There are 2 protein chains.
Amino acid sequence: MSKTQITVEPGIPQIIIEREFDAPRELVFRAHTDPELVVQWLGPRELTMRIERFDARDGGKWRYISTDPEGNEFAFHGVFHGDPSPDSTVQTFEFEGMPGHVAMETLTLVERDGRTLARTVSSFQSVEDRDGMVESGMEHGVRDSGERLTELLETLQDR
Amino acid sequence: MSKTQITVEPGIPQIIIEREFDAPRELVFRAHTDPELVVQWLGPRELTMRIERFDARDGGKWRYISTDPEGNEFAFHGVFHGDPSPDSTVQTFEFEGMPGHVAMETLTLVERDGRTLARTVSSFQSVEDRDGMVESGMEHGVRDSGERLTELLETLQDR
C-alpha cells in the first residue's frame with residue numbers, strides 16, 4: 001500500500017501532504033467534497049466526527065466537530081475560495097481550540113494510469129503556527145485519514 | 001511621514017507589509033472594511049478602481065476591478081474567513097489574470113498612543129507564486145496605497 005508523505009521544512013510556514021490512491025480522480029474528488037463521504041474518512045480512527053455544515057462552493061463555509069472517547073470535543077471551521085474542482089480545491093482552516101490561527105489548504109488531484117496523486121499544501125500565517133500544528137500530533141491524524149480514505153475508495157469501487 | 005516596510009525573505013512564501021498611520025485603530029479598520037472608503041485608497045494612483053462586491057463578514061466575497069489609462073482591466077477577488085475585527089481580518093486573494101494562484105492575507109491593527117500599526121501577512125501557495133507577485137510590480141501599488149490611505153485618514157479626521 002502506498003504511504004502518506006509529509007513534508008515539513010525548517011523555517012518554511014507550510015506543510016505538504018502527498019498520497020497516491022488506487023482510484024480515478026473524480027472519485028477521490030467526490031470523497032473530498034461530498035460531506036457524506038468526508039465524514040467516513042477524515043480524522044484519526046479513535047475520534048468520532050460529525051459535520052455541522054459543509055458547503056463545497058465559492059464562499060461556502062464548513063464546520064466539523066471531532067469527539068474523543070472521553071467526550072472531549074475539537075471543532076474546526078473554514079471557508080472555500082472558488083468552486084472546488086479536481087484541479088484545485090482551496091479552503092481556509094481554523095482549529096477553534098487555537099482561535100485566530102488560520103491556514104489555507106490547496107488540494108490538487110493528478111490522475112495517472114487510473115491512480116490519483118493527491119497533494120495538499122497548507123500555508124500558515126507563521127512558522128510558529130506551522131510548528132504548533134506539527135507538535136499537536138497532526139501527523140497521526142493525517143496518516144490515519146490516508147489509510148481510511150484508501151479503504152473507503154476500495155469499498156466504493158467494489159460496489 | 002512614516003513609510004511602508006515590505007519584507008520579502010528568500011525561500012519563504014510570504015510577503016509582510018507594515019505601515020504606521022497617525023489615526024486611531026477603529027478608523028484604520030473602517031478604511032479596510034467599508035467599501036466606500038476602500039475604493040478611495042486601494043491600488044496605485046494611476047489606476048481607477050471599482051468595487052463589484054465587498055461583503056466584509058465570515059464567508060463574504062469581494063471582487064474589484066482596476067482600470068489603467070489605456071482601458072486595460074485587472075480584476076481580483078477573494079473571500080473573508082471569519083468576521084473581520086481590528087485584531088484580525090483574514091481573506092483570500094486571487095488575481096484573475098493568473099487564475100488558480102491564491103494567497104491568504106491577514107491584517108492586524110495595533111494601536112499605540114493614538115497611532116496604529118497595520119501589519120499584513122500574505123501567505124502564498126509557493127515561493128514561485130510569491131516571487132511572481134513581487135515581480136508583477138506589487139511594491140509600487142503597495143507604496144501608493146499606503147500614501148493614499150495616509151491622506152484619506154487625514155481627511156477623515158479633519159472633518
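The model shown is predicted, which means the values in this text are computed figures rather than measured ones. A, B, ... follow the sequence lines: proteins, then strands. Residue 1 opens every chain.
Rounding to the nearest 0.5 angstrom, the gap separating the CD atom in Q14(A) from the OG atom in S126(B) is 7.5 Å.
One hydrophobic cluster holds both L149(B) and W62(B) under the rule that ILVMFWY side chains link at heavy-atom gaps under 4.5 Å. Cluster membership check: W41(A) shares its hydrophobic cluster with V39(A), using side-chain heavy-atom separations under 4.5 Å among Ile, Leu, Val, Met, Phe, Trp and Tyr. Side-chain heavy atoms closer than 4.5 Å link hydrophobic residues (I, L, V, M, F, W, Y) into clusters, and following such links, possibly through other members, connects F29(B) to F54(B). Cluster membership for V127(B) and M133(B), using ILVMFWY side-chain heavy atoms within less than 4.5 angstrom, is not shared. When the side chains of ILVMFWY residues are joined at heavy-atom separations under 4.5 Å, either directly or via intervening members, F74(A) and Y64(A) end up in a single hydrophobic cluster.
At a 4.5 Å heavy-atom cutoff, T108(A) makes no contact with chain B through either its backbone or its side chain. If you measure heavy-atom distances from V121(A) to chain B, the contacts under 4.5 Å come from the side chain alone. Of the atoms belonging to Q125(A), heavy atoms from both backbone and side chain fall under 4.5 Å from chain B. Using a 4.5 Å cut-off between heavy atoms, D58(A) touches chain B through backbone and side chain atoms alike.
Atom CD of Q5(A) has 12 or fewer heavy atoms from other residues, nucleotides or ligands within 6.0 Å.
Two residues are said to be in side-chain contact when any heavy atoms from C-beta on lie closer than 4.5 Å; E94(A) and V90(B) fail this criterion.
Ring-centre distance between H81(B) and H81(A): not below the 6.0 Å cut-off.
Nearest heavy-atom pair across I12(B) and P13(A) is CG2-CD, 3.9 Å.
The candidate with the highest count of non-hydrogen atom pairs below 4.5 Å against chain B, out of V102(A), I16(A), D87(A), T106(A), is V102(A).
Judged as a ring-ring contact (aromatic ring centres under 6.0 Å, His included), the pairs with a partner in residues 94-127 of chain B (not counting sequence neighbours) are, in order, F76(B)-F95(B).
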